[in-house]
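Per chain, numbering begins at 1; letters A, B, ... match sequence-line order.
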Amino acid sequence: MFENLQEKLQRAFKNLRGQGTVSEENISEALREIRLALLESDVNLNVTKDLIEHIREKALGQQVATALSPTEQVIKIIHGELVELLGRDTARFKFASQPPSVILMAGLQGSGKTTTTGKLAQWLKKGGHRPMLVSVDVYRPAAREQLAVVAKSIGTQLYTGNVGADEAGTPLVLRLAKEAKRDAANFGCDILLVDTAGRLGIDEELMGEMSELKKLLNPSEILFVADAMTGQDAVNSAKAFHDRLGITGVVLTKMDGDARGGAALSIRQVTGAPVKFIGTGEKPDAFEPFHPDRIVSRIMGM
Amino acid sequence: SFTRTVDESDLEDLEAILLTADIGLSTTTEIIGRLRERAKREGIESGSALKNLLKQEIKSILDDVQRVVRPPSTPPEVILMVGVNGTGKTTTSGKLAAFFQSQNRSTLLCAADTFRAAAIEQLEVWSQRSGVPVIKTRQGGDPSAALFDALDAAKKRETQVVLVDTAGRLHTKAGLMAELDKMRRIAQKFVAGAPHQVFLVIDATTGQNGLQQARLFTESAGVTGIVLTKLDGTAKGGIVVAIAHELKLPVVFCGIGEKMDDLLQFDSAAFVEGLFN
Ligand SMILES: Nc1nc2c(ncn2[C@@H]2O[C@H](COP(=O)(O)OP(=O)(O)OP(=O)(O)O)[C@@H](O)[C@H]2O)c(=O)[nH]1
Ligand SMILES: Nc1nc2c(ncn2[C@@H]2O[C@H](COP(=O)(O)OP(=O)(O)OP(=O)(O)O)[C@@H](O)[C@H]2O)c(=O)[nH]1
Ligand SMILES: [K+]
Ligand SMILES: [Mg+2]
Ligand SMILES: [Mg+2]
């Protein structure tokens, strides 16, 4: 198995024994190990560079003759930097003053939007809400059927609507969304969750559709659903969605695997939007509010 | 011995390109190290010559692991599609069905994802699009039973290729990985040499975790090649270079969109160009 960061840092500091201060020389090997750990965790290269600079500044000149060993001190500094970047608190969820509140799900293909829509509905139900679901993914084969199966399994209202002979395209998407919002109000549902088709940030046409959905629905939350296994490209996709839509939060899915989830740091860095939830499995209840320090420990391999 | 010929800042720029493409630190360090040696030896000075050399290095990593695959002498050829959740297994199954059909090889789809909501319906749409029949069971049914039925039908119909779409699963889930092993044994029992190909479908956005996916899917399912999907986005898919380098697995196909003909046979030169665009 991998040696964790703590062990590596201990090795880097082995020549430093309880005297003096952390110097340029003994910090540089430690910083190399930290860089490795961050890159192996899929933290973006530029984000990693910035973090390393901050950590170097903070660590240099730290008095070693304290209760903490140099390793412990540096670990504390890294931990602090990463938690700082991710935001200290579990973010709160926003609702509209006039129901129904609309939650728009957005993200790349296969990131977990449809599954997360069901999970979020289940979570909101437990919190005493009455959510309604709608899928405006008129493109992917059986995407709307998928959400119907999910809605049924958790016993939630679903707006199906009539697709009829309409061509798959933005007019149909907007019609379904509009009807669903009206239907949610009629049924006394206080929240409408809108599952959208996966799309690339560089797909002009489909990103334009997303903007139109936003204009039409005036959502109180726009959640960017991202896969925890995402690598360096996380910054590009997150930025594209954020620039276009102004995302209000992030859901990091597939955290039940062994991916370190460094993409969370990259996404936060380029969007400023907090990670609000994590997905931890395929079933509707495999879903939790996000806790920054847990993922920080995971990125650091501890 | 230090020579002045290699510009370290050029190397650093190239290193950044490889890291940003998800090739990973370990493989990147090795490639850059080799490049430095070669550049010194061959007295290469200009940045663009260095870049060309680097392209050659990466291309040869990818080319060296390519294998010649011939269809089995007695059909059907059984191809198992495996991978973590949401990478593009079902979509690629549909595209491949159309591809084989266009090569005049009779094909059958097998819906062995009985777990995910509407996975069977999704493959059925691909069956309609491609005109390739699909064998299925009900949702919640045994995927091995669907596989058995498909192989049986393929034998009776003298079908040449059977494409088996399996449920997405994380490589860390031992129970689900054992299920793949079981499917492999059933295929083997029923058709000699099956599964002939096991394609691990990897999403181009995948980071360093892709290496562990390839390792563990190879252990349980005997992966023979990679399908790299979603190359139409901004992600470079560099993790396949690390996979080729460390696990000697070739990339066979690429996905470049959501439509039926958005599938390419892997072209290492084009892929390497893409890394630098
Ligand atoms: N293990 C695990 N699997 C997940 C999680 N979230 C989603 N999945 C799986 O990921 C795959 C893709 O999920 P979907 O919800 O269909 O993703 P999507 O973003 O709606 O996909 P498109 O609509 O095709 O863009 C499915 O197999 C889900 O079961 C998670 O937290 N953990
Ligand atoms: N842009 C793009 N999207 C793709 C490509 N291949 C697949 N997709 C999309 O990615 C999403 C997931 O594809 P699926 O085929 O459902 O993936 P899967 O691996 O079968 O997913 P699970 O069965 O849930 O594990 C869908 O929205 C597909 O349309 C590709 O090459 N490019
Ligand atoms: K994915
Ligand atoms: Mg979906
Ligand atoms: Mg599938």
(request) Using a heavy-atom cutoff of under 4.5 Å, enumerate the residues of residues 136-146 of chain A that contact chain B, numbered in order, or state 'none'. (result) A:Y139, A:R140, A:P141, A:A142, A:E145, A:Q146
(message) Quick check for you: to the nearest 0.5 Å, what is the distance between B:T205 atom OG1 and A:L200 atom CG?
(response) 10.0 Å
(request) Apply side chain to side chain contact (heavy atoms under 4.5 Å, CB included) to the pair B:V84 and A:K254, showing each step before the final yes or no. (result) CA-CA 9 Å; B:V84 299; A:K254 311 179 197 175; over 6 Å; no
(request) Output the distance between atom CG (A:D227) and atom CG (B:N209), rounded to the nearest 0.5 Å. (result) 9.0 Å
(request) Please list, in residue-number order, every residue in residues 163-179 of chain B that has a heavy atom less than 4.5 Å from any heavy atom of chain A; write 'none' if there are none. (result) B:G168, B:L170, B:H171, B:T172, B:K173
(message) For the CG atom of A:L108 and the CG atom of B:D203, what is their distance to the nearest 0.5 Å?
(response) 8.0 Å
(message) Is A:D203 close to chain B through its backbone or its side chain, or both, or neither, when contacts mean heavy atoms under 4.5 Å?
(response) neither
(message) Report which part of B:A16 has an atom under 4.5 Å of a heavy atom belonging to chain A: side chain, backbone, both, or neither.
(response) both
(request) Tell me, for B:Q213 versus chain A, whether the close heavy atoms (under 4.5 Å) come from the side chain, the backbone, both or neither. (result) side chain
(message) As an exercise, state the distance from OG of A:S111 to CG of B:N85, rounded to the nearest 0.5 Å.
(response) 11.5 Å
(request) Between chain B and each of A:L147, A:V149, A:T253, A:N44, count heavy-atom pairs under 4.5 Å; write down the option with the most. (result) A:V149
(message) Quick check for you: among B:T91, B:D232, B:I120, which has the greatest number of heavy-atom pairs under 4.5 Å with chain A?
(response) B:D232
(request) Counting only heavy atoms closer than 4.5 Å, note whether A:K113 contacts chain B via side chain, backbone, both or neither. (result) neither
(message) Is B:Q128 in contact with chain A via its backbone, its side chain, both, or neither, using a 4.5 Å heavy-atom distance?
(response) neither
(request) Quick one: pull up OG1 in A:T114 and CZ in B:R116 and give me the separation to the nearest 0.5 Å. (result) 7.5 Å
(request) Give, for atom CD of A:Q109 and atom CD of B:E258, the distance between the pair rounded to the nearest 0.5 Å. (result) 4.0 Å
(message) At a 4.5 Å cut-off on heavy atoms, which part of B:Q122 comes close to chain A: side chain, backbone, both, or neither?
(response) both
(message) For A:Q232 versus B:D22, what's the shortest heavy-atom pair and its separation?
(response) N-OD1, 2.8 Å
(message) Ignoring hydrogens, what is the shortest heavy-atom contact between A:L39 and B:Q208? Give both atom names and the distance.
(response) O-CG, 3.9 Å
(message) If you count every heavy atom of other residues, nucleotides or ligands that lies below 6.0 Å from A:K239 atom NZ, does the total exceed 12?
(response) no
(message) Does any backbone or side-chain atom of A:L45 lie under 4.5 Å from a heavy atom of chain B? Answer side chain, backbone, both or neither.
(response) side chain
